[in-house]
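Have a look at the structure below, then the notes.
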Amino acid sequence: MRSVSLSVIDMAPLFGADPSRRAAVAGAIGAACRDSGFFYVTGHGIAPRLIGRLDSASRTFFALPEAEKMEIAMVKGGRAWRGYFPVGGELTSGKPDQKEGLYFGSELGPDDPRVKRGLPLHGPNLFPARPKDLRSLVLDYLEAATRTAHALMEGIALSLGLEAGYFYHQYTANPTILFRIFHYPSIATSSPDWGVGEHTDYGLLTLLAQDENPGLQVKTSRGWVEAPPIPGTLVCNIGDMLDRLTGGLYRSTPHRAKNTSGRGRLSFPFFFDPGFDAEVRPLPERASRIDDDKETRWDRQSVHGFSGTYGDYLLAKVSHVFPDLRRQVI
Ligand code: OGA
Ligand code: NI
């Protein structure tokens, strides 16, 4: 396995107004997206202290007795699909993953129109009684990461020759936001299991904070490479909707994770996706030259072939990885 060959991009200029510095960042993002679809960012604006506190609160939670963690089990989150799932509770590549996790998203109250309509995956979060500060840390992280994601989408728009606000106006003024905290127990190198099996992410963009333990692997055109932790960075990767939008120019790259470090590994994926009702269409200049890779994709499914809203796409995917929950809530 090769070690890091993914670029590290300082995205700070995307929070500023200097056109040439913004264009330079966009150029680097565009090159990374055309190459592996995975890159690291610094200058992302999320305070290290917030990430550090979230990390320690999460560790405290995962160290609690199983029965206490199950007090906020996902089945209690109802249609919003929030809460805790134990090791083996999620099946990414059709096999149970060797991870436990907490599933969060935008905090939406009963008056939110999407909650009133009964849309699955929308609603209030389930927070544990202990540790008490996990709630505010998660909500602060969601706010900070949302700002980062909007800025990065501006960079991605510029990298495609679009105006900076393109994605905001078309898809992400009301984004679908999901956030998860994973704990991967260490497993043997010889184990046939994975912490999370090979997959692509479903939406536009994923921002991943990871602790100091390696485990993430990315399938590039040069083969599988490691994406080890680099302090102060987030790992950024493209999801199926950006693959679809760009007609395959920016690929949603398969990845997987296996923790063999001997210590528990924490990761914090933040998924920044189109609004649930959005119908994602290819950019006009890409529509006539779609490069479909379904024959070689991990799931043999085309991201270019489906019709419907992002919500339809996401629900089909999520119900595949949580089959029991699907039976109970939709
Ligand atoms: C994911 C994912 C990788 C990790 O949640 O989609 O790929 O390291 N996570 O947790
Ligand atoms: Ni992923």
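Ligands are counted one by one from 1 in listed order, and the atoms in each one are counted from 1 as well. In this text, all values refer to a predicted model and were calculated from it rather than measured experimentally.
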For [Y], is there an ion pair with [X] - N to carboxylate O distance below 4.0 angstrom?
X: Arg281; Y: Glu279; result: yes
X: Asp35; Y: Arg222; result: yes
X: Asp211; Y: Arg59; result: yes
X: Asp277; Y: Arg117; result: yes
X: Glu100; Y: Lys69; result: yes

Review point. What atoms in ligand 1 come closer than 4.0 Å to a heavy atom of Pro269?
Key: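 Near Pro269, meaning under 4.0 Å from one of its heavy atoms, ligand 1 has 5 (O).
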Point to revise | Atoms in ligand 1 with a heavy atom of Phe271 nearer than 4.0 Å | key: 1 (C), 5 (O), 6 (O)
Practice item. Can you label the angle between the Tyr141 ring and the Phe179 ring as parallel, tilted or perpendicular, going by 30° and 60°? Key: parallel
Residue and atom name of the nearest protein heavy atom (relative to [atom]), distance in Å to one decimal:
atom: atom 2 (C) of ligand 1; result: His199 NE2, 3.7 Å
atom: atom 5 (O) of ligand 1; result: Phe182 CE1, 3.2 Å
atom: atom 4 (C) of ligand 1; result: Tyr184 OH, 3.2 Å

Review point. Is the Tyr84 to Tyr103 ring centre distance short of 6.0 Å?
Key: no
Review point. What about the rings of Phe104 and Phe127, do their centers lie closer together than 6.0 Å?
Key: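 For Phe104 and Phe127, the ring centres are under 6.0 Å apart.
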Is [X] touching ligand 1 with its side chain, its backbone, both, or neither, if touching means heavy atoms under 4.0 Å apart?
X: His183; answer: neither
X: His255; answer: side chain
X: Asp201; answer: side chain

Check your understanding: Is Lys99 in contact with ligand 1, taking contact as a heavy-atom separation below 4.0 Å?
Key -> no
Check your understanding: Rounded to 10°, how many degrees is the angle NE2/His199-the Ni ion (ligand 2)-NE2/His255?
Key -> 90°
Revision key, fill the gap. Of all the N, O or S atoms in Asp201, the one nearest to the Ni ion (ligand 2) is OD1
